[in-house]
Amino acid sequence: MKMIAGIEIPSSGTIQINDVRMPHLGTLNKIGYMTQSDALYNELTALENLEFFATIYRLKGPLKKERIQEVIELVNLDADLKSQLATIQEE
């Protein structure tokens, strides 16, 4: 799933769904993707995780930025925005 979503890059070959090379946002919107409620990607930064999930929920533009900022403030994440989650979890 991470390769289909474009989070990880395949070491060889390509991934295609209905003859469309992935990742492809239009195709992802058609096939759907539902993560577990606590699923986060350790190789991404905190901000990248927030942006990824905002995109999955189809948030765009000012609304996307506003909601991300709300979450940052809610969980007091300012200091760790650019840190990979694996690093944050070790602290």
Side-chain angles (χ1 to χ4, degrees):
M1 285 306 301
K2 289 181 182 181
M3 289 181 201
I4 290 172
I7 296 169
E8 290 185 4
I9 299 170
S11 58
S12 64
T14 60
I15 298 172
Q16 293 187 339
I17 297 176
N18 294 332
D19 297 322
V20 176
R21 187 173 177 171
M22 300 303 291
H24 183 266
L25 186 56
T27 301
L28 286 172
N29 286 337
K30 290 177 185 176
I31 63 172
Y33 173 62
M34 183 61 168
T35 63
Q36 296 175 4
S37 60
D38 61 347
L40 296 172
Y41 297 103
N42 288 329
E43 63 275 8
L44 298 180
T45 66
L47 181 57
E48 289 169 335
N49 268 283
L50 290 171
E51 290 174 344
F52 174 73
F53 285 101
T55 300
I56 287 176
Y57 284 99
R58 298 183 180 177
L59 297 177
K60 296 178 184 175
L63 179 60
K64 180 178 177 178
K65 288 181 181 182
E66 179 182 318
R67 185 63 183 129
I68 288 173
Q69 188 58 41
E70 288 173 1
V71 172
I72 290 168
E73 292 171 11
L74 179 68
V75 297
N76 195 23
L77 199 53
D78 285 310
D80 295 310
L81 280 179
K82 295 186 179 180
S83 300
Q84 284 186 319
L85 287 190
T87 305
I88 296 170
Q89 293 172 356
E90 291 173 2
E91 295 175 356

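Heads up: numbering here begins at 1 and tracks the sequence.
Lys64 and Thr55 share a donor-acceptor pair across their side chains, judged by distance under 3.5 Å alone.
Separation of atoms CD (Gln84) and CG (Asn42) is listed at 8.5 Å; rounding is to 0.5 Å. Here the NZ-OG1 distance, from Lys82 to Thr45, works out to 9.0 Å after rounding to the nearest 0.5 Å. A distance of 5.0 Å separates CD of Glu66 from CD of Glu70, quoted to the nearest 0.5 Å. A distance of 11.0 Å separates CD1 of Ile68 from CG of Leu77, quoted to the nearest 0.5 Å. Taken to the nearest 0.5 Å, the CZ atom of Arg67 stands 9.5 Å off from the CG atom of Leu50.
Two different hydrophobic clusters hold Leu44 and Ile9 under the rule that ILVMFWY side chains link at heavy-atom gaps under 4.5 Å.
Counting only heavy atoms from C-beta outward, the side chains of Tyr57 and Phe52 never approach each other to under 4.5 Å. Looking only at side-chain heavy atoms (C-beta outward), Thr27 and Ile4 stay at 4.5 Å or farther from each other. In this structure, Leu59 and Phe53 have side chains that are not in contact, with every pair of non-hydrogen atoms separated by 4.5 Å or more.
Under the 3.5 Å distance criterion, the side-chain polar atoms of Asn76 are left unmatched by any main-chain donor or acceptor of Ile72. Not a single donor-acceptor pair under 3.5 Å links the side chain of Glu51 to the backbone N or O of Glu48. Not one N or O on the side chain of Asn49 forms a donor-acceptor pair closer than 3.5 Å with the backbone of Leu40.
The 12-atom threshold is not exceeded at CG of Asn18, counting heavy atoms of other residues, nucleotides or ligands nearer than 6.0 Å.
Looking at His24, Met3, Arg21 one by one, the single match for side chain to side chain contact (heavy atoms under 4.5 Å, CB included) with Ile15 turns out to be Met3.
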